[in-house]
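Take a look at the structure set out below.
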Number of protein chains: 2
Amino acid sequence: MARTGRPREFDRDKAIDAATALFWAQGYEPTSLTQLKASMGHISPASFYAAFGSKEALFREVVQHYLATYGQVMAPLWDESLPPREAIERTLRGSARMQAARTHPTGCLVVSGASNCSPENEPVQALLAAERQRTRAGIKACVERAIARNELKASPSTDILPNILATFFHGMTCEARDGMTVDTLDAAITSLLTLWDINTVKPLKNRQKNTENTGVRL
Amino acid sequence: MARTGRPREFDRDKAIDAATALFWAQGYEPTSLTQLKASMGHISPASFYAAFGSKEALFREVVQHYLATYGQVMAPLWDESLPPREAIERTLRGSARMQAARTHPTGCLVVSGASNCSPENEPVQALLAAERQRTRAGIKACVERAIARNELKASPSTDILPNILATFFHGMTCEARDGMTVDTLDAAITSLLTLWDINTVKPLKNRQKNTENTGVRL
DNA sequence: AGACTTCCATATTAATCGATCCAGAAATTA
DNA sequence: TAATTTCTGGATCGATTAATATGGAAGTCT
């Protein structure tokens, strides 16, 4: 698209960054347009609406930006080239490190970005709820893949495992916001994952060598 | 105190109930005085301020009311007459049932009541944060009591156990709000508590009978 | 009955909310 | 240079925010 006319003076990407930090720290509703404009370099209302459309449209853009950057700590969930347990572990540890980092607001924007909402902003709440549901589906898929690959036993205990992981995962936001450190979260994850390990299919001794006997049904 | 003068026409307790439901569902900031007054029977601003002082004062009263009623599901944490594991389990299950119930807003008011807050309402946020810290201390005390009573091993794994339990506990709010049922939460709790059980001090066979031999050091 | 207290309803405060609109300046392209 | 485009700053929109002020009715006490 050939751009003509006077170019905008403020950096749109930096403006999105600033808006992300604000929405992340305070949530959708408490963040006012005045704050947003100020954080973008005191731009005018006209510039704001010309660039972003509305507060809600900006928020949706911020969420997309968040998912494409910080949110990528959860990418392992969808990477089928990874062993399922490693996918889960990488996601949990990466998310812990990200959420507890001091270089940006703590916690997860998707979890806490619109947790206090009046009815008129229900669409905003639904946007994040859908994203959380996507996360749950990803965790569940990993567990089911592990069962299919005969790495986890199929049992009531593994049926519920995705829910435990999701609950813990979403709880990290509260803990990180209340000051829990990366190291503590990391230790908790290590311990939590024993819930995975006690449900693993016990390998026979020298089981690795059996991989040579493809076609042989044990 | 002898009350004189015209008695108020609205029921103050029912007004607190109504305010609790509103704050619980929407959070502190998004709940407006207009909504609050309407839910109390369309009382006047003057009546509101005479009865409650301010929005923040009302919220503090609501939190106290919440803790004294719904929040009592966590009372087992402080009941030293209970075996520590049972105290934890009762708290988790009671909280799950409470948070997922459909007779009131889902989730926990202490966790989500002021999660989206502008800087000027930081005191409100701090109020709930302190309450969450109290919960963590209660969980930790239970685990430490279990170690002291020789029911849990002292180990890095049990050191981190309180953090896992707290993270899961706080995560239940997100899950309940997103529709997770009591049954699912209950099953997750059952499975989560195996993290406790694998750290228990293994009882000798016929250990119960040994309780008769008090004074005998094994 | 009379004094007193606290209620209620109605108006109104200043401030802020998200969102528009306009006029003029500035930078691009032809 | 001229035409075009989109920026900027400032004024402003109606609605809503939390909080006060006023004036009279209503109920409780001595």
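Protein chains get the first letters and strands the later ones, always in sequence-line order, with residue 1 at the start of each. Both backbone and side-chain heavy atoms feed into the values below; hydrogens, waters and symmetry mates do not.
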Inset, instruction - Please step through side chain to side chain contact (heavy atoms under 4.5 Å, CB included) for the pair K55(B) and L33(B), ending with a clear verdict. - result: CA-CA 7 Å; K55(B) 183 184 176 184; L33(B) 280 205; 4.0 Å; yes

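- Nucleotide dC7(D) holds its P atom 16 Å from the OH atom of Y49(A), rounded to whole Å.
- Counting only heavy atoms from C-beta on, A50(A) has its side chain closest to dC7(D) among dC8(C), dC22(C), dC7(D).
- S47(A) comes within 4.0 angstrom of a nucleotide base, judged by non-hydrogen atoms across all strands.
- Judged by distance alone, the side chain of H65(A) and the main-chain N or O of E61(A) form no donor-acceptor pair under 3.5 Å.
- Under 4.0 Å is where a charged nitrogen must lie from a carboxylate oxygen, and between R136(B) and D178(A) at least one such pair does.
- As judged by a 4.0 angstrom heavy-atom cut-off over every strand, T31(A) is placed among residues touching the sugar-phosphate backbone only.
- Look at S44(B) and you won't find any side-chain N or O under 4.0 angstrom from OP1 or OP2 of dC7(C).
- Put simply, CZ on F48(A) is 16 Å from C1' on dC7(D), counting in whole angstrom units.
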Inset, instruction - Please report the C-alpha distance between R97(B) and L185(B) in whole Å, then the side-chain angles of each, then the deciding distance to 0.1 Å, and finally whether the side chain to side chain contact (heavy atoms under 4.5 Å, CB included) criterion is met. - result: CA-CA 8 Å; R97(B) 189 205 319 272; L185(B) 283 171; over 6 Å; no

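- Listed nucleotides: dG18(C), dA19(D), dC21(C). Nearest to the side chain of A46(A): dC21(C).
- Atom CD of E29(A) and atom C1' of dT17(D) are 13 Å apart (whole Å).
- Whole-Å rounding puts the E120(B) CD to dT16(C) P distance at 9 Å.
- Protein atom NZ of K55(A) is 13 Å distant from nucleotide atom C1' of dT16(D), rounded to whole Å.
- Between F10(A) atom CZ and dT6(D) atom P there is a gap of 14 Å when expressed in whole angstrom units.
- Rounded to a whole Å, the CZ atom of F23(B) is 9 Å from the P atom of dA18(D).
- For E9(A), the listed nucleotide lying nearest its side chain is dC7(D); candidates were dA19(D), dA19(C), dC7(D).
- In this structure, R8(A) does not reach the dT6(D) phosphate: none of its side-chain N or O atoms is under 4.0 Å from OP1 or OP2.
- Using a 4.0 Å heavy-atom cutoff across all strands shown, S32(A) reaches sugar-phosphate atoms only and no base atom.
- For S157(A) and N199(A), the side-chain atoms include at least one donor-acceptor pair closer than 3.5 Å.
- Look at CZ on F52(A): it is 11 Å from P on dC7(D), rounded to the nearest Å.
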